[in-house]
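Scope of the values below: all heavy atoms of this structure, side chains included, with no hydrogens, waters or symmetry mates. The first residue in the sequence is number 1, and the count goes up from there.
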Amino acid sequence: MELMGEKARLTDPVRPGPGLSVEEYAERNTAAVRIAAVEETTAVGRTTADESARAPADTSAADSVLGAQLLRRGDLNGAEPHLRAATAAGDRAAANNLGVLLHQRGYPEEAAEWWRTAAVAGSAAAAHALGRYHRERGDEPAAFYWLRQSAESGHALGAYALADLLEHHGEDGAEEWFRAAAERGHREAAYRVARAVHARAEELAARSGPTAAAARETAEEAERWFRQAAARGHRRAALRLGALLERRGELKEAGRWYLTSAKDGEARAACALGFLLRDAGDEESAAVWWRRAAEDGDGSAANALGALHADRGERQAAERWYRVALDAGSDNGAFNLGLLSAAQGRTAQAEQWYRRAAYAGHREAANALAVLLLQRGDAEGAEPWFSKAAESGSVDAAFNLGILYAGRGDEPTARQWYERAAASGHAEAALQVGIALLREGELHTAERHLRCAAGGGSVEGAFRLGALLERVTRHGTGELGSEHELGRPDGARPEYEEWYERAAEHGHRRAQVRLGMCAAARGEVVDAARWYRAAAESGSPNGAFNLGLLLAREGSEPEAAVWWARAAEAGHGRAALRLALISARGGELDEGQFWCARAMELGPAEVAERAAKLREALRSELTA
């Protein structure tokens with residue numbers, strides 16, 4: 001049994017500087033000019049009803065607009081006198097923009113004074129900037145006050161900043177304000193809403209009971225928010241949307257969103273796009289995107305590139321990319337370097353890399369290290385690593401612990417680990433549990449485990465399942481057999497033959513022999529010969545013997561003798577007896593005695609008895 005194992009801008013959600021920056025004016029379709037135009041009549045300490053004030057108001061509005069334009073171009077020296085002139089005339093938009101300018105020049109305290117002036121006059125943008133200023137200085141009560149003022153005035157950035165502050169403190173109302181900001185076009189807010197709703201959907205899906213419909217509706221809402229954020233250019237939302245679509249099997253649309261996100265610089269999306277292309281058979285394009293992601297620091301992409309080169313036999317390139325993955329902080333890099341070293345026979349280096357990854361918590365590396373130690377005879381050193389890997393969730397390690405305890409003769413403990421691995425879908429572990437249950441006579445439970453093993457790809461499991469079904473079907477030993485024949489159309493092959501064929505197609509010799517016997521029983525000589533020959537050429541004595549029988553019945557005794565000789569040389573007593581009979585009929589008495597002696601040696605008892613009688617007859621013939 002073999003051991004197992006081998007995803008100063010105010011819109012920045014991280015730490016943006018306070019105030020409405022020039023970039024935001026551009027992002028909001030020259031909002032600076034628009035804000036000035038909207039607010040130009042709202043002068044501090046002045047009303048527009050006074051006709052005599054129109055000319056100065058027009059001048060201040062022009063200064064405000066011109067200052068905003070120069071600020072947007074980065075001309076701080078040119079913008080400042082215009083903004084100060086407009087501010088002196090009571091233009092609140094200019095006061096806000098003057099605060100932005102001063103903040104950019106490194107005068108945050110003076111900037112805050114002008115923001116306060118504009119905020120008191122009703123500027124939501126200034127209130128937002130002032131709230132961010134206070135938050136950065138740790139004055140969170142003041143930050144709450146001004147951000148709420150901004151949010152309640154309908155300012156998207158203010159609503160987002162308030163929601164972020166509420167969420168930071170774990171207070172209620174954060175999602176409500178994220179939604180308010182998202183509905184006003186704030187893409188990061190839409191992404192944050194999507195994440196919160198998606199988390200609720202997963203929580204609902206994990207619960208038992210009648211929550212499936214609610215979970216589905218919540219997941220659909222989350223997807224709508226991800227789409228909204230992604231459509232506005234949010235690259236992480238595009239990544240998450242692509243992942244949702246990929247899990248749902250909508251690969252074409254998933255690829256489009258991965259591509260959108262990757263082009264915007266999201267390394268994880270480039271990596272995911274690479275896997276999508278690889279699975280579609282386009283390895284060259286996959287490598288292009290993996291390389292792009294790896295160069296941007298994505299360890300998974302670097303590992304994928306390493307594996308691609310390793311599969312092509314390009315070991316130096318593989319090692320280089322695995323080291324890039326390791327430098328990017330990926331423990332998989334160390335594990336893969338261990339696998340690469342082991343494949344080259346460099347076990348000392350492999351052990352070092354496995355240990356490095358295992359100490360970092362890589363469970364498959366811990367399993368691989370244990371396998372390596374066990375292979376060199378250090379069972380005591382291997383056991384704790386197997387245990388560590390198994391307790392961390394490695395199914396292979398749980399199976400390997402079963403092998404370890406079985407080798408010590410501790411079948412109950414081995415059975416426990418096999419059952420644990422089988423419960424997680426390990427096909428070979430399910431096979432071992434099934435075999436144990438067969439020995440105990442628990443046919444129904446054995447069948448269930450053998451089906452898991454066979455369905456999981458275990459060739460031996462497919463053969464054992466076929467043998468069990470044939471046994472109960474042919475002998476009519478109860479309900480198990482009748483269940484599997486129930487509802488099968490007349491003339492259809494029994495189910496056990498289907499499992500034999502699955503195993504036989506993977507080279508299982510005993511399954512090939514059994515399949516040949518089933519075909520022969522139906523008179524399908526050609527199919528029977530094909531399966532017997534396949535088994536015989538793979539070294540099966542039974543296959544060679546049965547092929548000989550089939551050929552002899554068809555009148556090809558010389559060719560049959562060739563296959564019987566091969567079977568007899570491999571230890572098949574009945575084949576030796578057949579050769580003795582052929583020799584006797586042909587008058588080759590000495591050779592007949594030789595094959596009689598061989599048949600007596602190989603058995604079974606009835607064959608040995610017949611061979612002894614034939615040898616005595618041949619001796620009598622020789623002495624006559």
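- More than 12 heavy atoms of other shown residues, nucleotides or ligands fall within 6.0 angstrom of atom CZ in Arg420.
- No hydrogens or angles considered: nothing links the side chains of Gln512 and Tyr500 as a donor-acceptor pair under 3.5 Å.
- Each of His449, Glu411, Gln432, His426 was evaluated against Tyr418; a single residue qualifies, Gln432, per the side-chain contact (heavy atoms from CB on, under 4.5 Å) test.
- Gln352 CD to Leu337 CG: the interatomic distance, rounded to the nearest 0.5 Å, is 11.5 Å.
- Side chain of Trp531 to backbone of Leu515: no donor-acceptor contact under 3.5 angstrom is found.
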- Test side-chain contact (heavy atoms from CB on, under 4.5 Å) applied to Ser387 and Leu401, step by step: CA-CA 7 Å; Ser387 297; Leu401 275 171; 4.1 Å; yes
- Derivation and outcome, side-chain contact (heavy atoms from CB on, under 4.5 Å), residues Glu606 and Arg610: CA-CA 6 Å; Glu606 61 186 63; Arg610 290 180 61 191; 5.7 Å; no
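- For the salt bridge (charged side-chain N to carboxylate O under 4.0 Å, His left out) with Arg493, the lone residue among Glu498, Glu501, Glu470 that qualifies is Glu501.
- Taking the six-membered ring where tryptophan is involved, the planes of Trp564 and Phe545 are tilted, since the angle between them lies from 30° to 60°.
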- Task: Please step through side-chain contact (heavy atoms from CB on, under 4.5 Å) for the pair Leu369 and Glu351, ending with a clear verdict.
- Result: CA-CA 6 Å; Leu369 175 60; Glu351 182 178 346; 3.7 Å; yes
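- For the pair Arg278 and Phe275, the NZ or CZ position fails the cation-pi test of under 6.0 Å to the six-membered ring centre and within 45 degrees of the ring normal.
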- Could you give me the CA-CA distance, side-chain angles and deciding distance for Glu383 and Tyr405, then say whether side chain to side chain donor-acceptor pair (under 3.5 Å) is met? CA-CA 10 Å; Glu383 184 177 351; Tyr405 283 106; 2.7 Å; yes
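- Distance alone, capped at 3.5 Å, is enough to place a donor-acceptor pair between the Asn336 side chain and the Asn332 backbone.
- Leu326 has its side chain out of reach of Tyr322: every pair of non-hydrogen atoms, C-beta onward, lies at least 4.5 Å apart.
- Of the candidates Arg363, Lys388, Glu364, Ser394 forms a side chain to side chain donor-acceptor pair (under 3.5 Å) with just one, namely Glu364.
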- Message: Checking Glu440 against Arg415 for the salt bridge (Lys or Arg N to Asp or Glu O under 4.0 Å) test, could you report, in this order, the C-alpha distance in whole Å, the side-chain angles of both residues, the deciding distance, and whether it holds?
- Response: CA-CA 13 Å; Glu440 296 167 2; Arg415 174 81 166 269; 2.9 Å; yes
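- Listed here is the closest heavy atom pair of Leu579 and Ala568: CD1-CB, 4.0 Å.
- Looking at Arg509, its side chain does come within 3.5 Å of a backbone N or O of Ser538 through a donor-acceptor pair.
- No more than 12 heavy atoms of other residues, nucleotides or ligands shown are found within 6.0 angstrom of CZ on Arg356.
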- Test side chain to side chain donor-acceptor pair (under 3.5 Å) applied to Asn303 and Ser330, step by step: CA-CA 8 Å; Asn303 273 312; Ser330 171; 2.9 Å; yes
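- Distance alone, capped at 3.5 Å, is enough to place a donor-acceptor pair between the Tyr258 side chain and the Ala243 backbone.
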- Item | Evaluation steps, salt bridge (Lys or Arg N to Asp or Glu O under 4.0 Å), between Glu616 and Arg619 | CA-CA 5 Å; Glu616 288 300 317; Arg619 280 180 178 172; 3.4 Å; yes
- Task: Report the C-alpha separation of Tyr354 and Ser341 in whole Å, then their side-chain angles, then the decisive distance to 0.1 Å, and conclude whether the side-chain contact (heavy atoms from CB on, under 4.5 Å) test is met.
- Result: CA-CA 10 Å; Tyr354 288 152; Ser341 298; over 6 Å; no
- Item | salt bridge (Lys or Arg N to Asp or Glu O under 4.0 Å) assessment of Glu283 paired with Arg312 | CA-CA 11 Å; Glu283 285 191 348; Arg312 294 173 177 175; 3.5 Å; yes
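- Between Arg320 and Glu314 there is no salt bridge, since none of the side-chain N atoms of the basic residue sits less than 4.0 Å from a carboxylate O of the acidic one.
- Residues Trp385 and Arg355 form a side-chain contact, since some pair of their non-hydrogen atoms from C-beta on lies under 4.5 Å apart.
- The environment of CD in Gln316 is sparse: at most 12 heavy-atom neighbours from other residues, nucleotides or ligands sit within 6.0 Å.
- Classification of Glu557 and Arg585 as a salt-bridged pair holds, one side-chain N sitting under 4.0 Å from a carboxylate O.
- For an aromatic pair to be called close, the ring centres must be under 6.0 Å apart, and Tyr359 with Trp353 fails this.
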- Task: Check step by step if salt bridge (Lys or Arg N to Asp or Glu O under 4.0 Å) holds for Glu319 and Arg323.
- Result: CA-CA 6 Å; Glu319 182 172 347; Arg323 288 182 180 274; 3.2 Å; yes
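- In this structure, Glu295 does not pair ionically with Arg291, as no charged nitrogen and carboxylate oxygen lie closer than 4.0 Å.
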